[in-house]
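See structure below.
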Protein chains: 2
Amino acid sequence: MSQRRRSRRASKRQARAPVFAALGDETRLSLVAKLCSGRPYSISQLTRGSKLTRQAITKHLRVLESVGIVHSVRSGRESRFEFDPQPMEGIKEYLDFVSAQWDQALSRLKAFVEE
Amino acid sequence: MSQRRRSRRASKRQARAPVFAALGDETRLSLVAKLCSGRPYSISQLTRGSKLTRQAITKHLRVLESVGIVHSVRSGRESRFEFDPQPMEGIKEYLDFVSAQWDQALSRLKAFVEE
DNA sequence: TTAATATGCAACCCGGAGGTTGCTTAAAAT
DNA sequence: ATTTTAAGCAACCTCCGGGTTGCATATTAA
């Protein structure tokens with residue numbers, strides 16, 4: 001593979017770790033699971049049914065927002081959070097890359113054994 | 001969907017956050033990228049070319065090992081680490097679930113607008 | 001106008017994550 | 001037999017993540 005492709009992938013990978021990290025928490029996975037239904041939720045709505053404080057939930061939402069998984073829209077006195085799919089599509093690409101590498105490895109092994 | 005399915009998915013999600021968290025670090029993403037080629041690497045080999053200490057790399061490997069992404073095989077004086085694909089397949093399922101939810105949301109929106 | 005609701009901001013606590021250094025032990029190489 | 005090389009263990013440091021409480025502010029409801 002060319003040098004350009006390599007560095008391009010490396011620079012993309014640079015941006016993926018924070019997305020994985022943002023998903024590395026049960027609370028935030030739950031929030032994403034709710035928000036990916038497409039319906040916007042206010043902070044208070046997302047707090048109801050959770051054992052955590054509103055501020056804790058807010059912090060988690062800010063983490064998700066900082067990597068672009070959600071964004072907030074202020075509406076009157078409440079701010080509604082909405083899901084944004086792009087970052088998660090991004091890390092899917094990484095996982096697909098890893099899978100592809102692994103499949104190639106298995107193929108090489110198989111070819112070696114069968115020869 | 002049935003209650004059983006819901007709880008089964010919830011229990012799976014329980015196990016996914018640590019996997020995401022394990023991938024939420026540049027150094028560990030690099031390690032995974034190397035190891036998914038199928039070739040086993042010793043700790044020293046993985047340390048060469050990194051700016052970190054051997055012990056730092058070791059800690060990262062233990063994190064990956066703790067969620068089953070890699071496992072180590074002792075061979076003489078060195079311990080070789082090998083990639084293990086299952087956990088990453090697991091989080092793919094979660095990402096697919098989120099995508100499916102989101103696609104449904106878009107479909108509903110489209111149907112609503114067009115009616 | 002007053003009370004209730006939704007949010008923001010700041011300080012603070014605590015534990016763990018990421019990293020280092022130093023020392024020890026085990027294998028391999030010379 | 002001695003010296004490299006590979007790795008494990010433990011102590012230590014610093015900083016950030018997750019969470020809380022307290023107070024201030026802006027909207028909405030009564």
Student check: side-chain heavy atoms of A/L35 and A/L61 closer than 4.5 Å: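 With C-beta onward as the side chain, the pair touches.
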
A/I57 side chain reached by A/F81 side chain, heavy atoms, under 4.5 Å: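 SC-SC contact between A/F81 and A/I57 ruled out.
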
field: From A/L95 atom CG to A/F20 atom CZ, the distance as rounded to the nearest 0.5 Å
entry: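 Here the interatomic distance stands at 4.5 Å.
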
Whole angstrom value for the distance that separates [atom2] of [N] from [atom1] of [X]:
{"X": "B/I57", "N": "C/dG18", "atom1": "CD1", "atom2": "C1'", "value": "11 Å"}
{"X": "B/L46", "N": "D/dA6", "atom1": "CG", "atom2": "C1'", "value": "13 Å"}
{"X": "B/L61", "N": "D/dG8", "atom1": "CG", "atom2": "C1'", "value": "14 Å"}
{"X": "A/E65", "N": "C/dG8", "atom1": "CD", "atom2": "C1'", "value": "13 Å"}
{"X": "A/R62", "N": "C/dC9", "atom1": "CZ", "atom2": "C1'", "value": "11 Å"}
{"X": "A/I43", "N": "C/dC9", "atom1": "CD1", "atom2": "P", "value": "10 Å"}

statement: Per-nt protein contacts along nucleotides 16-28 of chain D (heavy atom under 4.0 Å; B base, S backbone sugar-phosphate only, - none) come out as --SBBBB----BS

Distance check: side-chain N/O of [X] vs OP1/OP2 of [N], anything under 4.0 Å?
{"X": "B/R48", "N": "D/dA6", "result": "yes"}
{"X": "A/R80", "N": "C/dA6", "result": "no"}
{"X": "A/S44", "N": "C/dT7", "result": "yes"}

- prompt: Would you say the side-chain atoms of A/T47 and A/R54 include a donor-acceptor pair closer than 3.5 Å?
  reply: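 On atom types as modelled, these side chains do not qualify, holding no pair under 3.5 Å.
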
message: Ignoring hydrogens and geometry beyond distance, is a side-chain donor-acceptor pair present between A/E78 and A/S44 at under 3.5 Å?
response: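 No, no side-chain donor-acceptor pair sits under 3.5 Å.
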
task: Of all the heavy-atom pairs spanning A/E82 and A/P40, show the shortest one and how long it is.
output: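 In terms of heavy atoms, the two residues are closest at CG-CB, 3.6 Å.
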
